[in-house]
Amino acid sequence: MVENVLIEVKNLSKHFTMASGLFRQETAKRLKAVDNVSFTIGKGETLGLVGESGCGKTTVGRCILQLHKPTGGEVLFQGKDLCRISGKELRPLRQKFQIIFQDPSESLNPRFTAADAIGEPLRIHNTVYGHAYQERIAELLNLVGLAPYMAERYPHEFSGGQRQRLGIARALAMNPSFIVCDEPVSALDVSIQAQIINLLDDLQRQFGIAYLFIAHDLSVVRHISHRVAVMYLGKIVELCDRDELYKNPLHPYTKALLSAVPIPDPKVEATRAPIVLKGEIPSPLNPPAGCVFHPRCPSAFAPCPTVAPVYRDAGDGHSVSCLLYPTSRT
Ligand code: SF4
């Protein structure tokens, strides 16, 4: 049970209609990018969201921020459903929600100086002016470990890690209470990844910001997350405390992801036997019947191709969607 809930996502779905054929005349198909997803995020908490490319994790982040309009479900913040309030009501709340993108090069306008890029939200929302604006830019640069004299440099004059620091500074400009970190370290070298994760950790301690930290492997989210959710083909298949997930994974997909995480001890690493999943992730345009993971699942048994498992608490707040765990463990 999460204390001090900041955001509650209830039965969130996002479906896209895909036309096909030479002149897009064939019957349109529905792509269920996100299908009936529910979770909460507490104040100052990090929820890691992990899954293979195309599983819908970025779409979840964008639906929370209302960058995609959800097809169904609710996103509750301060008692309001963000999916159903007017644009006028949403605008001030938007200041509290920010995003850090995967590729810092693409998220920064090459014609903007660092100061222009970081100050963009301040200018859009007209919050500070004149000398106070310059001071705020210098303060934000300091917060992310950059020197204020770098304010007039252009993005190409920064390294990849420094550009991601600029992206973080821009996200901090409006004092957010929640940031979607959309694979913020995937495009960076391993040594820089640790620095950026430590920076996000420090900022969370300082300002009590909550993160939805999206990544495609479990090794990246381990250090920063309080809880971790695993997604497969538009659905959350497992969610629990970080330590519980790494010690006692339940879902066969989570077990496979964890078995692929390298172990720093060479002796233990030499004995590691990764679980190799069969085939590719199926198309969300044509998901398998029953449990959507059954064509690749090493533990599949008779009912799996026909019976869809229900996502439920298997005990102690450890939720899972798998027919191997039909009832609470307690
Ligand atoms: Fe595997 Fe069956 Fe569990 Fe699905 S329900 S994850 S196929 S064991």
Side-chain angles (χ1 to χ4, degrees), residues 9-15 29-40 47-60 72-73 212 214-222 225 227-261 272-330:
V9 174
K10 278 182 165 175
N11 308 116
L12 185 75
S13 295
K14 177 64 186 173
H15 302 168
K29 285 187 173 175
R30 241 171 145 62
L31 185 152
K32 293 184 178 178
V34 177
D35 192 16
N36 207 17
V37 161
S38 300
F39 57 85
T40 52
L47 178 68
L49 186 60
V50 176
E52 287 164 287
S53 295
C55 72
K57 53 196 189 300
T58 292
T59 309
V60 169
L212 179 67
I214 296 170
H216 58 261
D217 75 70
L218 280 163
S219 58
V220 172
V221 298
R222 184 169 195 160
S225 302
R227 290 180 303 140
V228 178
V230 179
M231 267 190 94
Y232 185 79
L233 221 60
K235 296 173 185 290
I236 289 183
V237 295
E238 186 160 8
L239 194 163
C240 62
D241 282 348
R242 183 252 327 255
D243 292 342
E244 164 75 1
L245 189 92
Y246 287 86
K247 257 192 270 156
N248 183 30
L250 297 181
H251 198 281
Y253 179 57
T254 312
K255 289 179 185 176
L257 289 181
L258 271 175
S259 77
V261 174
R272 184 169 62 91
I275 300 168
V276 180
L277 295 175
K278 295 175 278 181
E280 296 293 317
I281 188 166
S283 167
L285 278 170
N286 193 17
C291 171
V292 290
F293 187 55
H294 86 260
R296 303 175 76 196
C297 181
S299 309
F301 59 117
C304 299
T306 50
V307 181
V310 175
Y311 177 71
R312 69 178 83 212
D313 188 347
D316 306 324
H318 190 152
S319 300
V320 66
S321 171
C322 174
L323 297 172
L324 293 170
Y325 309 97
T327 54
S328 172
R329 286 178 292 158
T330 53

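None of these values were measured; they are calculated from a predicted model. Read the numbers this way: they start at 1 and go in the same order the structure lists the ligands and their atoms.
With hydrogens left out, the protein atom closest to atom 3 (Fe) of ligand 1 is Cys322 SG, 2.3 Å, a heavy atom. Of the protein's heavy atoms, Leu323 N, 3.2 Å lies nearest to atom 5 (S) of ligand 1. Shortest contact from atom 4 (Fe) of ligand 1 to any protein heavy atom: Cys291 SG, 2.3 Å. Distance from atom 2 (Fe) of ligand 1 to its nearest protein heavy atom, with residue and atom name: Cys304 SG, 2.3 Å.
Annotation for ligand 1: atoms under 4.0 Å from non-hydrogen atoms of His251 are 6 (S). Every atom of ligand 1 with a heavy atom of Pro252 under 4.0 Å away is listed here by number and element: 1 (Fe), 6 (S). Near Leu324, with a cut-off below 4.0 Å to any heavy atom, the atoms of ligand 1 are 8 (S). Against a heavy-atom cut-off of under 4.0 Å, Ser299 is close to the following atoms of ligand 1: 8 (S).
Lys57 places a side-chain N or O within donor-acceptor distance of the main-chain N or O of Gly51, the cut-off being under 3.5 Å. At least one donor-acceptor pair closer than 3.5 Å links the side chain of His294 to the backbone N or O of Ala289. The backbone N or O of Glu238 lies less than 3.5 Å from no partner atom in the side chain of Tyr253, so there is not a single donor-acceptor pair.
Here Cys297 reaches atom 1 (Fe) of ligand 1: one of its N/O/S atoms is less than 2.8 Å from the metal.
Within the model, atoms CD1 of Ile281 and SG of Cys55 stand 6.0 Å from one another, a figure rounded to the nearest 0.5 Å.
A 6.0 Å sphere centred on NZ of Lys32 holds no more than 12 heavy atoms belonging to other residues, nucleotides or ligands.
Cys322 is not listed as a side-chain neighbour of Leu250, based on a closest heavy-atom distance of 4.5 Å or more.
Taking the ring centroids of Phe293 and His251, they lie under the 6.0 Å cut-off.
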